[in-house]
Amino acid sequence: MAASMNMFKLSSLPVPNIVFNMRNVAMKLFVVTFLLFLTSRCQGDDGLELEEFLKREYSLTKPYQGVGSFSSSHWDLMGTSMVTPDNVRLTPDLQSRVGAVWSRIPFFVRDWELQVQFKIHGQGKKNLNGDGMALWLTKERMQEGPVFGNMNQFTGLGVFVDTYPNEDKSHERVFPYISVMVGNGTVPYDHDRDGKTTELGGCTALVRNVNHDTFLLIRYMKNRLTLMMDVDGKREWRECLDVPGVHMPLGYFFGASSATGDLSDNHDLISMKLYQLTVQRTAEEEEEDQQEVTIPSYDYIELPKVEVEEEGMGPVGRFFAFLFSVVGLFVLIVVAILLYGRWKEGRRKRFY
C-alpha cells in the first residue's frame, strides 16, 4: 500500500512544468553564454574595438617582422632605434641619443583608433631623467630634430609623453605629463616651456619605472580627438582629453620618436595597433567631410596661416624669372648696339 502511495505521489508531480522550467533556465544560460562569447569576439586585445577592423599594415606588433631596411618592410628605423624580441627600443638609457620608427605607408583612413603600449624606465631618480617620447601622424617623416627626436614646425598631430619639466617647476603640472599639439608647418613647439603655449590639452600620467603595462589610446572620429590612458595597472581606460573640431588631412604617416639629452631613459615601444572605426554619419556630416582638408587645423585655436605661393612663383621660379630678365635685357642691348653700328656704317658710306 505504501509503495502504491509513493508511486501515486511521484506520478502526480507536475513533470511538464519542471521540464519547462529547466528548459527556460537552460535557454537563458545559453543566451547569456552566447552574448558573452560575442562580446569577447568583438573586443580587441585591449577590450575596445572589433578585431576585424585591425589594420595590420599600419600596426607594429611582435615579432616585428615588418620593421627594418628590407624593401618589403612597412616601417623604417632611424637613429639609435633597434628591434629586440620584446620591443622596439627608440633610445637606450644613455645621454644624447635620438631614435624613431616611421611607417612607410601613407594613411588614408578617415575614422581610426590607435592603441599604443610602451614602457619608459631607467636608472635616473625622479626629475633626473629625460626627455620623453612622442607619437606622430604627420606629413613629414624621418626628419630628425629637437622635438623628442623629430623636426620642429611639423605638419600634423603630435602626442608628447614629457618626462622632464624644463620650465614648469612650480607644481602647476606634475610630470610625466602628456600633451597634444596640432601643427600646420609654421607653429614651433617650445621645448623650453614644455609646449604649454601650443597644446590642445593634456594630463599627468605617471608612466615611468612602473611594474605594470602602460597604454595610450588615441581616437579620431568625426573630427573629434580623444586621448585616453591606462597607466595605473587597473586595465581600464581613463580620459586625458577630448576635443572637437580637429581637422586632419589624409595621406600622412604614423611614427614614434624619442630623445635623451644630459638626462636619459630607456624608451621602449612595445606595440602600436591601428583600428579602423565604422561610424554612422548624417547627410550634413557626410557633406562636411567631403570638403577636402589640406592643412591641419583646430576650430577653437587660430593657428598662424600658411602662405601658399602661387604655382611657378616659388624661390626657384623667382630666380629663373630674374635670370631670364637679365639675359633678355643683355640680348636687347647687344641687338641695339649691332643695329646702331650698322646704321652708323651706312651713314658713313653715304657720306663718301
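As the structure is a prediction and not an experimental result, all values here were calculated from the model. FYI, the numbering just counts along the sequence from 1.
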Note: Asp111-Lys222 ion pair, threshold 4.0 Å (strictly below): no
Pair Glu286 + Arg110: basic N to acidic O under 4.0 Å: yes
Candidate pair Glu239 and Thr226, rule side chain to side chain donor-acceptor pair (under 3.5 Å), full reasoning: CA-CA 8 Å; Glu239 185 175 294; Thr226 304; over 6 Å; no
Donor + acceptor pair across side chains of His212, Asp232 (<3.5 Å): no
Side-chain donor-acceptor pair present, Asn184, Thr186, cut-off under 3.5 Å: yes
Do [X] and [Y] have side-chain heavy atoms sitting under 4.5 Å apart?
X: Glu167; Y: Asp190; result: no
X: Pro85; Y: Pro63; result: no
X: Val161; Y: His267; result: no
X: Phe154; Y: Glu140; result: yes
X: Phe160; Y: Asp194; result: no
X: Pro176; Y: Ile120; result: no
X: Leu216; Y: Val207; result: no
X: Arg97; Y: Ser264; result: no

Is there a chain of hydrophobic side chains (I, L, V, M, F, W, Y, each step under 4.5 Å between heavy atoms) that links [X] to [Y]?
X: Leu77; Y: Met133; answer: yes
X: Ile105; Y: Met272; answer: yes
X: Val116; Y: Leu274; answer: yes
X: Val88; Y: Val98; answer: no
X: Val231; Y: Val210; answer: no

Would you find a donor on one side and an acceptor on the other, under 3.5 Å apart, between the side chain of [X] and the backbone of [Y]?
X: Ser179; Y: Val159; answer: no
X: Asn166; Y: His191; answer: yes
X: Tyr252; Y: Leu157; answer: no
X: Asn209; Y: Gly122; answer: yes
X: Tyr177; Y: Pro165; answer: no
X: Arg104; Y: Ser73; answer: yes
X: Tyr64; Y: Ile270; answer: yes
X: Thr138; Y: Thr155; answer: no
X: Thr260; Y: Asp265; answer: no
X: Thr204; Y: Phe175; answer: no

Connected-component partners of Leu250 among ILVMFWY, side-chain separation under 4.5 Å: Phe108
Sole residue of Leu90, Asn150, Val101 in side chain to side chain contact (heavy atoms under 4.5 Å, CB included) with Ser257: Asn150
Candidates Thr80, Asn266, Leu269 - the one meeting side chain to side chain contact (heavy atoms under 4.5 Å, CB included) with Arg89: Asn266
Met82, CE: over 12 other non-hydrogen atoms inside 6.0 angstrom: no
More than 12 heavy atoms from other groups under 6.0 Å of CD on Gln153: yes
Evaluation steps, side chain to side chain contact (heavy atoms under 4.5 Å, CB included), between Val293 and Asn223: CA-CA 11 Å; Val293 179; Asn223 300 326; over 6 Å; no
Ring geometry between Phe254 and Phe107 (parallel below 30°, tilted from 30 to 60°, perpendicular above 60°): perpendicular
For the student: nearest non-hydrogen atoms of Tyr220 and Met248, plus distance: OH-N, 3.1 Å
Between Tyr58 and Trp75, ring centroids under 6.0 Å: no
